[in-house]
*Asks:* 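Before anything else, here's the structure in question.
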Amino acid sequence: MIFSKTCQAALKSIAFLASATSLQKKYSIKELATAIEENDHTLGKVLQMLVKNGIINSLKGPKGGFFLTPKQLKTPVLKIVEAVDGKFEFNQCAMGFSKCSEKKPCAFHVEFKKSRKIIERLLTDNNLAVLGNAENSFKTFK
């Protein structure tokens with residue numbers, strides 16, 4: 001697991017919103033928490049972070065809730081990770097050495113470097129729409 005539990009909840013909630021048949025529908029915290037099997041109190045904090053960072057929208061009131069716009073669906077997945085877990089370090093040493101480098105590599109340096117590149121490409125090349133597309137849809141994993 002490379003993402004925190006909080007980030008996983010954010011990814012699942014966005015996958016749910018992105019897989020919704022209509023982007024016009026707004027979902028309450030309770031609806032989202034039930035759908036993704038997360039605690040609604042914790043999810044509320046996660047959703048606030050996502051709204052604050054412009055990744056999702058919310059409206060208050062009886063017809064309010066959380067939703068995505070077509071423009072937001074084009075947001076790279078990396079933005080979610082950074083909003084919740086902070087800046088993702090693609091150059092971190094797998095073993096945690098601060099002086100690990102090409103000149104002084106740790107035991108995992110060469111192989112881990114390849115993995116970091118794959119993760120970086122995965123997070124930057126895929127957008128929120130991919131999280132909710134038909135084949136990889138949230139509904140597939142329910």
Side-chain angles (χ1 to χ4, degrees), residues 1-102 105-142:
M1 166 174 42
I2 63 170
F3 305 122
S4 69
K5 291 276 190 193
T6 304
C7 189
Q8 289 175 359
L11 290 165
K12 289 191 295 185
S13 63
I14 290 177
F16 177 82
L17 291 172
S19 70
T21 54
S22 167
L23 289 178
Q24 304 304 315
K25 178 153 174 42
K26 293 159 188 72
Y27 294 89
S28 71
I29 292 173
K30 282 216 177 291
E31 288 174 311
L32 282 168
T34 300
I36 67 169
E37 299 172 343
E38 291 287 340
N39 174 291
D40 58 339
H41 177 71
T42 304
L43 186 60
K45 292 179 180 181
V46 171
L47 295 172
Q48 284 177 343
M49 275 190 269
L50 296 174
V51 169
K52 181 181 173 187
N53 284 278
I55 296 168
I56 64 172
N57 289 318
S58 70
L59 282 177
K60 293 182 180 184
K63 293 186 179 185
F66 297 90
F67 64 100
L68 288 166
T69 64
K71 182 179 178 183
Q72 287 168 320
L73 287 172
K74 296 175 184 171
T75 303
V77 174
L78 179 62
K79 294 292 184 192
I80 301 166
V81 176
E82 291 180 341
V84 178
D85 283 349
K87 184 85 171 124
F88 198 83
E89 298 292 330
F90 293 107
N91 57 357
Q92 284 180 329
C93 172
M95 296 178 65
F97 292 117
S98 61
K99 300 201 185 242
C100 179
S101 68
E102 296 292 323
C106 72
F108 299 130
H109 185 83
V110 173
E111 290 301 314
F112 195 66
K113 182 178 178 181
K114 294 175 193 174
S115 298
R116 284 193 316 255
K117 289 286 183 202
I118 292 168
I119 293 166
E120 182 176 19
R121 193 173 60 247
L122 173 77
L123 297 176
T124 55
D125 290 355
N126 289 290
N127 59 30
L128 305 191
V130 170
L131 296 180
N133 81 22
E135 292 175 15
N136 302 316
S137 163
F138 175 83
K139 296 168 189 164
T140 303
F141 301 102
K142 281 298 288 169

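No hydrogens, no waters, no symmetry mates; every other heavy atom, side chains included, goes into these values.
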*Asks:* Quick check: closest heavy atoms across F108 and M95, and the distance to 0.1 Å?
*Replies:* CD1-CG, 3.5 Å

*Asks:* What distance separates L73 CG from L68 CG, expressed to the nearest 0.5 Å?
*Replies:*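 It comes to 5.5 Å.
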
*Asks:* Test of understanding: with side chain to side chain contact (heavy atoms under 4.5 Å, CB included), list the residues that count as partners of K87, not counting sequence neighbours.
*Replies:*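 Here the qualifying residues are E82, E89.
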
*Asks:* Tell me if the CZ atom of F112 is crowded by more than 12 foreign heavy atoms within 6.0 Å.
*Replies:* yes

*Asks:* My understanding is that only one of L32, I36, I80, T75 makes a side chain to side chain contact (heavy atoms under 4.5 Å, CB included) with I14; could you say which?
*Replies:*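 In the set L32, I36, I80, T75, the residue that makes a side chain to side chain contact (heavy atoms under 4.5 Å, CB included) with I14 is I80.
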
*Asks:* If you compare all heavy atoms of S13 against all heavy atoms of A10, which two are closest, and at what distance to 0.1 Å?
*Replies:* OG-O, 2.9 Å

*Asks:* So which heavy atom on C106 is nearest to which on C93, and how close?
*Replies:*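 Smallest interatomic distance, heavy atoms only, reads SG-SG, 3.6 Å.
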
*Asks:* Return yes if some donor-acceptor pair links the side-chain N/O of T34 with the main-chain N/O of E31 below 3.5 Å, else return no.
*Replies:* no

*Asks:* Is any side-chain N of the basic residue among E102 and K113 closer than 4.0 Å to the acidic one's carboxylate O?
*Replies:* yes

*Asks:* Of all the heavy-atom pairs spanning G64 and K26, show the shortest one and how long it is.
*Replies:* O-CB, 3.7 Å

*Asks:* Nearest 0.5 Å please: distance from the CD atom of E38 over to the OG1 atom of T6.
*Replies:*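 The distance works out to 8.5 Å.
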
*Asks:* Show the nearest heavy-atom pair for residues L17 and Y27, with the distance to one decimal.
*Replies:*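 Scanning both residues completely, I find the closest heavy atoms to be CD2-CD1, 3.5 Å.
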
*Asks:* Kindly give the heavy-atom pair with the smallest separation between F16 and S19, and that separation in Å.
*Replies:*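 For F16 and S19, the tightest heavy-atom pair comes out as O-OG, 2.9 Å.
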
*Asks:* My understanding is that only residues two or more places apart in sequence, or in another chain, count here; which of them pass side chain to side chain donor-acceptor pair (under 3.5 Å) with E111?
*Replies:*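 E111 satisfies side chain to side chain donor-acceptor pair (under 3.5 Å) with K114 once adjacent residues are dropped.
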
*Asks:* Measuring from atom NZ of K5 to atom NZ of K12, what distance do you get when rounded to the nearest 0.5 angstrom?
*Replies:* 7.5 Å

*Asks:* Only distances under 3.5 Å count here; give the side-chain donor-acceptor pairs of residues 42-59 to other protein atoms, sequence neighbours excluded, each with its distance to 0.1 Å.
*Replies:*
| from | atom 1 | to | atom 2 | distance (Å) |
| --- | --- | --- | --- | --- |
| N53 | ND2 | M49 | O | 2.8 |
| N57 | OD1 | Q72 | NE2 | 3.4 |
| N57 | ND2 | Q72 | OE1 | 3.2 |

*Asks:* Does any part of the side chain of V77, heavy atoms only, come nearer than 4.5 Å to the side chain of L11, both counted from C-beta?
*Replies:* yes

*Asks:* Indicate every side-chain donor-acceptor pair of residues 117-129 with a distance under 3.5 Å to a residue at least two apart or in another chain.
*Replies:*
| from | atom 1 | to | atom 2 | distance (Å) |
| --- | --- | --- | --- | --- |
| T124 | OG1 | E120 | O | 2.8 |
| N126 | ND2 | L122 | O | 2.9 |
| N127 | OD1 | A129 | N | 3.1 |
| N127 | OD1 | V130 | N | 3.2 |

